[in-house]
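Protein chains get the first letters and strands the later ones, always in sequence-line order, with residue 1 at the start of each.
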Number of protein chains: 2
Amino acid sequence: MRIGKLAERTGVSHRLLRYYEEQGLIIPSRAPNGYREYTESHVDIVLQIKGLLDAGLPTRIIRQLLPCLDRPETIYVPNVTPEMIATLQREQARLSERIEFLTRNRDAIADYLDTVLSVRSVNTGAPPSVSPAAPPGSSSNAGPGR
Amino acid sequence: MRIGKLAERTGVSHRLLRYYEEQGLIIPSRAPNGYREYTESHVDIVLQIKGLLDAGLPTRIIRQLLPCLDRPETIYVPNVTPEMIATLQREQARLSERIEFLTRNRDAIADYLDTVLSVRSVNTGAPPSVSPAAPPGSSSNAGPGR
DNA sequence: CTTGACCTTCACATCAATGTGAGCGTTTAA
DNA sequence: TTAAACGCTCACATTGATGTGAAGGTCAAG
């Protein structure tokens, strides 16, 4: 399929699809006339990219992650360097941290909503307290942060 | 404390602390000479902001979230509008989505690492080469629409 | 053949999060 | 009293993810 169709299927703009390509995240083939040609699997990949970007990961990392988020049989890359493994482990830890942090904050919001809604429905009495989320490991983030 | 101390305590640069202020995320008082004066609780708030930013939330949203993630005494339920509640509920859902997505991806990375490491420990010969990019048949995990 | 939809590249614009530095005032300590 | 260290504002620079538009090529339908 061509770029317009892929944009429609994924909800990602033409511009961004070209940007992803420029960043080395997708590599469409070209028709004789120069048009980009995408396959069905590109739909999944673009959705994946979109999700990771939305999750706050930079393209630089996504580029490294993508080959590892595929089906098990297709994934043994010949030249898997120790640095690559280290990067993945780091990123895995980073994701865990992020997940924890987001979870704590989501729960804090939930508590807040509970409090507000219950107080609202009763309209009097001392407002209960919710505990805030402590930020994770905090300073000196090794990787080049965003 | 003044801005230098806060920067040191939080690992956030002077410039960013002023930026957060400009964005309405922190509101220090001013000494007679114009210097910003921060309290102890600003340390926590800045750490909180840092974490949320790192988690991919924009300042615009953080601004709305912060009053709900604050210290117990401050949760005195101000004029909380229905729109505010709706925003929070939306953001809560968004956080949940993000958490799920990140979790799936983290687990996918974990699987990959497991595979690679176990293959590595058994592997005695050169692994067969594989097509460099975009192997067909990907359906591992489609991103959540948004 | 012309029109319109779709594609191409190139390039400038924008927004958020940061960095950096200039130019100037304040505090501190030798 | 002077220098170092710190603070202030203003403002331009940069990076990453996007938008937008110009100038033009391809192609199907009228």
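Listed by chain and residue number, R106(B) satisfy the side chain to side chain donor-acceptor pair (under 3.5 Å) test with S96(A) (two or more places apart in sequence, or in another chain). Remark: R9(A) pairs with E40(A) by the salt bridge (charged side-chain N to carboxylate O under 4.0 Å, His left out) rule, at least two apart or across chains. In this view, R60(B) satisfies the salt bridge (charged side-chain N to carboxylate O under 4.0 Å, His left out) rule with no residue, not counting sequence neighbours. Contacts of R36(A) classified as salt bridge (charged side-chain N to carboxylate O under 4.0 Å, His left out), with partners at least two apart in sequence or in another chain: E21(A).
In this structure, CE of M1(A) is placed 22 Å from P of dA5(C), rounded to the nearest angstrom. Taking atom CG on L25(B) and atom P on dT18(C), their separation rounds to 11 Å, with Å as the unit. At whole-Å resolution of the value, CG in L52(B) and P in dA16(C) are 17 Å apart. Atom pair I61(B):CD1 and dA16(C):C1' shows a separation of 13 Å (rounding to whole Å applied).
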**Study point:** Pair E100(A)-R104(A), salt bridge (Lys or Arg N to Asp or Glu O under 4.0 Å): steps then yes or no
**Key:** CA-CA 6 Å; E100(A) 263 180 60; R104(A) 278 204 301 276; 3.7 Å; yes
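Judged as a ring-ring contact (aromatic ring centres under 6.0 Å, His included), not a single pair has a partner in residues 6-33 of chain A (not counting sequence neighbours).
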Practice item. Classify every nucleotide of nucleotides 7-19 of chain D by which part a protein heavy atom approaches to under 4.0 Å, writing B for the base, S for the sugar-phosphate alone and - for neither, in 5'-to-3' order. Key: SSB-B----SBBB
